[in-house]
Amino acid sequence: MVLLSKKDLKISLEVFSVFQWALSVLVIVITVIAVNLYLVVFTPYWPITVLILTWLAFDWKTPERGGRRFTCVRKWCLWKQYCDYFPLKLLKTHDLSPSLNYIVACHPHGIMSHSWFGHFATEMSGFSKMFPGITPYILTVGAFFWVPFLREYVMSVGACSVSQSSMDFLLTRRGTGNMLMVVVGGLAECKYGLPGSTTLFLKSRTGFIRMALRHGVALIPAYSFGETELYNQYIFTPGGFINRFQKWLQNMVHIYPCAFYGRGLTETSPGLLPYAQPVTTIVGKPLPLPKIENPSNKTVAKYHAIYVDALRQLFDQYKTKFGFSEAQELVVT
């Protein structure tokens, strides 16, 4: 019998931790649908499905009312393996006061936003020690909260809906010391998740600026160096059938269906796991904004330009430390 060395065991645990999170959404969705269809169609236990749907309807607004986090889940030792897999590193540039609220604009989205999850949905990168008195809320698309059990898992790590009502609630009904994490580029930015890419989908993303102005909270730019190195993509011929389908779907549902790939369960095999590349996230300087309840489009555009300048400065300050040349620029589309 072959015994794993401590090193091999740790590598195996790291691979499993990333694998289970990336696969959990698919597995839970398929399992919930299959089990409930079976209960309804083939057994007399359909009332269980009715009870689940009743609870879902009763609890529907919870992701927009601060969610339901469990610190014990955020501190799972499995997440330590998750962060060590890449590894992930979090750096702050300024202290934050717990007497204020903040919106952190996260860039880039990459393919699966692994760094943003590891830093702000778990406690394994030292967030609470680095930012004492601050509670992070990682905001994500509402579809994660449509499926029973999946929504519980996602909310348990501190995730909430990225809707306007959710952000309004967190910034007005949860006191101070709240940090809302918004991955601004969203799924539309996945197309730029390529090694060496510094392109962001940001020019038309102004909702986070408007929200910060309405509540008078500081905006914080954050950039993850290495997030776009975690996967590669098949680039199809411009104007070809597949490329035209990608663009059509993006116009229809604002999701770019990229054909990405990474490594498999072993380092040399192909698969859908991210490459084990270091990712360092820099949390920049808070940008104070005035409180304007109904900001005009002109005002929003003004502060959007100020924010983009602050983000460029953050990128330029650290880019050479993470493999980019002095001439490399942040491209905003």
Quiz item: Phe236: what forms a ring pair (Phe, Tyr, Trp, His ring centres under 6.0 Å) with it, not counting sequence neighbours?
Solution: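 Phe236 satisfies ring pair (Phe, Tyr, Trp, His ring centres under 6.0 Å) with no other residue.
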May I ask you to test the [X]-[Y] pair for a side-chain heavy-atom distance under 4.5 Å?
X: Val15; Y: Arg263; result: yes
X: Leu219; Y: Ile103; result: yes
X: Trp60; Y: Phe145; result: no
X: Leu23; Y: Leu272; result: no
X: Val217; Y: Asn178; result: no
X: Asn243; Y: Thr237; result: no
X: Leu314; Y: Tyr318; result: yes

Exercise. Could you walk me through whether Ser161 and Glu64 pass side-chain contact (heavy atoms from CB on, under 4.5 Å), step by step?
Key: CA-CA 6 Å; Ser161 171; Glu64 297 185 355; 3.9 Å; yes
Checking [X] side chain against [Y] main chain: does a donor-acceptor pair fall under 3.5 Å?
X: Ser197; Y: Tyr192; result: yes
X: His109; Y: Gly193; result: no
X: Arg69; Y: Val157; result: no
X: Gln246; Y: Pro257; result: yes
X: Thr333; Y: Leu200; result: yes
X: Ser296; Y: Thr299; result: yes
X: Asn101; Y: Gly175; result: yes
X: Glu227; Y: Ser115; result: yes
X: Tyr102; Y: Ser97; result: yes
X: Arg74; Y: Phe120; result: yes

Practice problem: Step by step, work out the side-chain contact (heavy atoms from CB on, under 4.5 Å) result for Lys92 and Leu90. | Solution: CA-CA 7 Å; Lys92 74 171 183 179; Leu90 181 64; over 6 Å; no
hydrophobic_cluster_shared for [Y] and [X], side chain cutoff 4.5 Å:
X: Leu13; Y: Phe19; result: no
X: Leu51; Y: Leu56; result: no
X: Val141; Y: Trp116; result: no
X: Leu91; Y: Ile220; result: no
X: Leu171; Y: Tyr303; result: yes

Would a line drawn from the ring center of [X] to the ring center of [Y] be shorter than 6.0 Å?
X: Phe131; Y: Phe127; value: yes
X: Phe117; Y: Trp79; value: yes
X: Tyr153; Y: Trp21; value: yes

When you look at [atom1] of [X], are more than 12 heavy atoms from neighbouring residues, nucleotides or ligands closer to it than 6.0 Å?
X: Glu329; atom1: CD; value: no
X: Phe16; atom1: CZ; value: no
X: Phe201; atom1: CZ; value: yes

Between side-chain atoms of residues 320-327 and protein atoms elsewhere (two or more places apart, or another chain), which donor-acceptor pairs fall under 3.5 Å?
residue, atom, partner, partner atom, Å
Ser325, OG, Ala327, N, 3.4
Ser325, OG, Gln328, N, 3.3

Exercise. Among residues two or more places apart or on two chains, list those pairs meeting salt bridge (Lys or Arg N to Asp or Glu O under 4.0 Å) that have a residue in residues 30-47.
Key: none
Considering residues at least two apart in sequence or located in another chain, which fulfil the side chain to side chain contact (heavy atoms under 4.5 Å, CB included) criterion with [X]?
X: Cys83; value: Leu88, Thr122, Met124
X: Pro195; value: Glu229, Asn232
X: Thr62; value: Asp59, Arg68, Met155
X: Thr268; value: Thr266

Quiz prompt | Electrostatic pair Glu123-Lys75, nearest N-O below 4.0 angstrom | solution = no
Practice problem: Please name all residues satisfying salt bridge (Lys or Arg N to Asp or Glu O under 4.0 Å) with Lys89, sequence neighbours left out, ordered by chain then number. | Solution: none
Report the distance from atom [atom1] of [X] to atom [atom2] of [Y], rounding to the nearest 0.5 Å.
X: Tyr231; Y: Leu273; atom1: OH; atom2: CG; answer: 6.5 Å
X: Asn297; Y: His304; atom1: CG; atom2: NE2; answer: 12.5 Å
X: Asp95; Y: Met130; atom1: CG; atom2: CE; answer: 11.0 Å

Kindly state each residue pair satisfying side-chain hydrogen bond (donor to acceptor under 3.5 Å, both in side chains) with at least one member in [range], sequence neighbours excluded.
range: residues 305-316; answer: His107-Tyr307, Asp316-Lys319
range: residues 37-57; answer: Asn36-Thr49
range: residues 131-148; answer: Tyr137-Arg174

Quiz item: Leu330 and Tyr223: side-chain contact (heavy atoms from CB on, under 4.5 Å), yes or no, with the steps?
Solution: CA-CA 11 Å; Leu330 198 63; Tyr223 195 92; 3.7 Å; yes
What pair of heavy atoms forms the shortest contact from [X] to [Y], and how long is it?
X: Asp84; Y: Lys10; result: OD2-NZ, 3.0 Å
X: Pro98; Y: Pro132; result: CG-O, 3.6 Å
X: Ser125; Y: Gly118; result: OG-O, 4.0 Å
X: Cys106; Y: Met181; result: SG-CE, 4.0 Å

Quiz item: Can Arg214 and Asp168 be said to form a side-chain contact (heavy atoms from CB on, under 4.5 Å), step by step?
Solution: CA-CA 9 Å; Arg214 285 181 57 225; Asp168 284 337; 3.2 Å; yes
Practice problem: Please state whether the rings of Tyr82 and His114 are parallel, tilted or perpendicular, taking 30° and 60° as the class boundaries. | Solution: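 Judged by the thresholds at 30° and 60°, the geometry between Tyr82 and His114 is tilted.
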Show me the donor-acceptor pairs, under 3.5 Å and distance only, between side chains in residues 274-291 and residues at least two apart or in other chains.
residue, atom, partner, partner atom, Å
Thr281, OG1, His119, NE2, 3.1
Thr281, OG1, Ser224, OG, 2.5

